[in-house]
Colleague: 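Take a look at this one; I'll ask things after.
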Amino acid sequence: MNKRIEIIGAPTAFGQRKLGVNFGPDALRYAGLIERIENTGHEVIDKGNVESPVIDMKKYKSEQNGLRNLDEVISFSNNLYEAVNETKNNGNFPLILGGDHSLSIGSIAGISKHYENLGVIWYDAHGDLNTIESSPSGNIHGMPLRALLGDGNENLTNIGGYKNKVKPENVVLIGMRDLDDGEKKYIKEQGILTYTMADIDRLGMSKVISETIDYLKAKTDGIHLSLDVDALDPVETPGTGTTVPGGATYRESHLAMEMLNESNLIVSADLVEVNPLIDEYNKTAHQAIGLMGSFFGEKLL
Ligand SMILES: NC(=[NH2+])NCCC[C@H](N)C(=O)O
Ligand SMILES: [Mn+2]
Ligand SMILES: [Mn+2]
């Protein structure tokens, strides 16, 4: 089943403090992402990078109401929302390249309005479920999923002109191993289906993904994958701003991508937190591209 995939570069670094993640989209293109996807038989349209406010590193140190670079994140989210919404209007598959994870506020705003019940798979070391109150850092890349679920600064929760883009029962967290106290509490309160690294160790990735698919298939009308490269172990993807030891292997992640491809339920994806400035010769982009090959249906034989 060949698709038309629109690549949307989201060169934002405003959700955290390290310069370089804004070069993620170009690092991924330079490493051969587009050719790799085209070789799977899909048509690829590269829409280029979304416009971003200027990055002023002096301002990066400051917070606005406890939220770092709030105005820039709002402005960028609006631009990305518009681009992603247009891709969905055209009936194409959006693949958004980050950029830090705050970009999902804009991308999922542009996707979810096209679905009654969008499912979201958050493949990440982190839950990204903080609010200003529970955040240890003020970094908005630790808050996007919570904003999409309806909590946080109103300008962020209302991107795209509507709130509550995602329902807690339609979210699955995979790869978790670094959660702040407020995030743990929220996950338990809401009963969000969560697979920690300990769960992946015990069940195996195959079971984790087949359970995830069964769980979401029943009640969603499309599934979005939000893939943070820090879900993988830092040995595999060192070029990312908030590494946590003990992550998923490259093989486990390949298997996850293959199974998601075979499900035929995925309608959009974010690939985020690739930072070539702190990488080892663009290794992280290359690893991510390998995963995208499987995600778009690459077969050895
Ligand atoms: N998308 C990410 N890499 N998020 C990391 C978040 C880390 C931490 N929980 C925070 O709120 O600051
Ligand atoms: Mn993360
Ligand atoms: Mn993340």
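All ligand and atom numbering here is 1-based and tracks the order in the structure.
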Colleague: Using a strict 4.0 Å threshold on nitrogen-to-oxygen distance, state whether D199 and R202 make a salt bridge.
Modeller: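 Not counted as a salt bridge, because no side-chain N and carboxylate O are separated by less than 4.0 Å.
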Colleague: Identify whether the distance between the nearest side-chain nitrogen and carboxylate oxygen of E86 and K47 falls below 4.0 Å.
Modeller: yes
Colleague: More than 12 heavy atoms of other residues, nucleotides or ligands under 6.0 Å from CD of E35: is that the case?
Modeller: yes
Colleague: Check each of D128, T240, D100 against atom 4 (N) of ligand 1 and report the one with the nearest heavy atom.
Modeller: D128
Colleague: Just jot down the ligand 1 atoms closer than 4.0 angstrom to any heavy atom of D230, in number order.
Modeller: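 Numbered from 1, ligand 1 contributes 3 (N).
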Colleague: Would you mind listing which atoms of ligand 1 come within a distance below 4.0 Å of any non-hydrogen atom of H101?
Modeller: 1 (N)
Colleague: Closest heavy-atom contact between I213 and M259?
Modeller: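 Nearest pair, atom of I213 first, then M259: CD1-O, 3.7 Å.
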Colleague: Just to confirm my output: which protein heavy-atom neighbour is closest to atom 11 (O) of ligand 1, and how far is it?
Modeller: N130 ND2, 2.9 Å
Colleague: Specify side chain, backbone, both or neither for H126, according to which of its non-hydrogen atoms lie closer than 4.0 Å to ligand 1.
Modeller: side chain
Colleague: Looking at F93 versus F296, is the centre-to-centre ring distance below 6.0 Å?
Modeller: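 Yes; F296 has its ring centre under 6.0 Å from that of F93.
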Colleague: Can you name the atoms of ligand 1, numbered from 1 with element, that are less than 4.0 Å from a heavy atom of G142?
Modeller: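 Near G142, the atoms of ligand 1 are 6 (C), 11 (O).
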Colleague: With distance as the sole criterion, is a donor-acceptor pair present between the side chains of T220 and N170 under 3.5 Å?
Modeller: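 Absent: no donor and acceptor within the cut-off.
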Colleague: For S107 and D270, which I'm curious about, is there any donor-acceptor pair between the side chains at under 3.5 Å?
Modeller: yes
Colleague: Does E189 CD have over 12 foreign heavy atoms under 6.0 Å away?
Modeller: yes
Colleague: Considering only heavy atoms, does E273 approach ligand 1 within less than 4.0 Å through its side chain, its backbone, both, or neither?
Modeller: side chain
Colleague: Looking only at protein heavy atoms, which one is nearest to atom 9 (N) of ligand 1, and what is the separation?
Modeller: D180 OD2, 2.7 Å
Colleague: Side chain, backbone, both or neither: which part of P136 comes within less than 4.0 Å of ligand 1 when only heavy atoms are counted?
Modeller: side chain
Colleague: Which atoms of ligand 1 are found less than 4.0 Å from any heavy atom of D228?
Modeller: 1 (N), 2 (C), 3 (N)
Colleague: Assess the side chains of N92 and N90: does a donor N or O sit below 3.5 Å from an acceptor N or O?
Modeller: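 No - no donor-acceptor pair under 3.5 Å links their side chains.
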Colleague: Any atoms of ligand 1 less than 4.0 Å from a non-hydrogen atom of S137? List them with their elements.
Modeller: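 Atoms satisfying the 4.0 Å criterion: 10 (C), 11 (O), 12 (O).
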Colleague: Is it the case that the ring center of W122 lies less than 6.0 angstrom away from the ring center of H101?
Modeller: yes
Colleague: Determine, for Y186 and R146, whether the Lys NZ or Arg CZ falls below 6.0 Å from the six-membered ring centre while staying within 45 degrees of the axis.
Modeller: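 Geometry flag: set, cation within 6.0 Å and 45°.
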Colleague: Please answer whether the main-chain N or O of P11 pairs with a side-chain N or O of N22 as donor and acceptor at a distance below 3.5 Å.
Modeller: no
Colleague: When you measure from atom 3 (N) of ligand 1 to every protein heavy atom, which one gives the shortest distance, and what is it?
Modeller: T242 OG1, 2.9 Å
Colleague: Which of the protein's N, O or S atoms come within less than 2.8 Å of the Mn ion (ligand 3), not counting waters?
Modeller: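 Counting only protein N, O or S atoms under 2.8 Å from the Mn ion (ligand 3), the list reads H101 ND1, D124 OD2, D128 OD2, D228 OD2.
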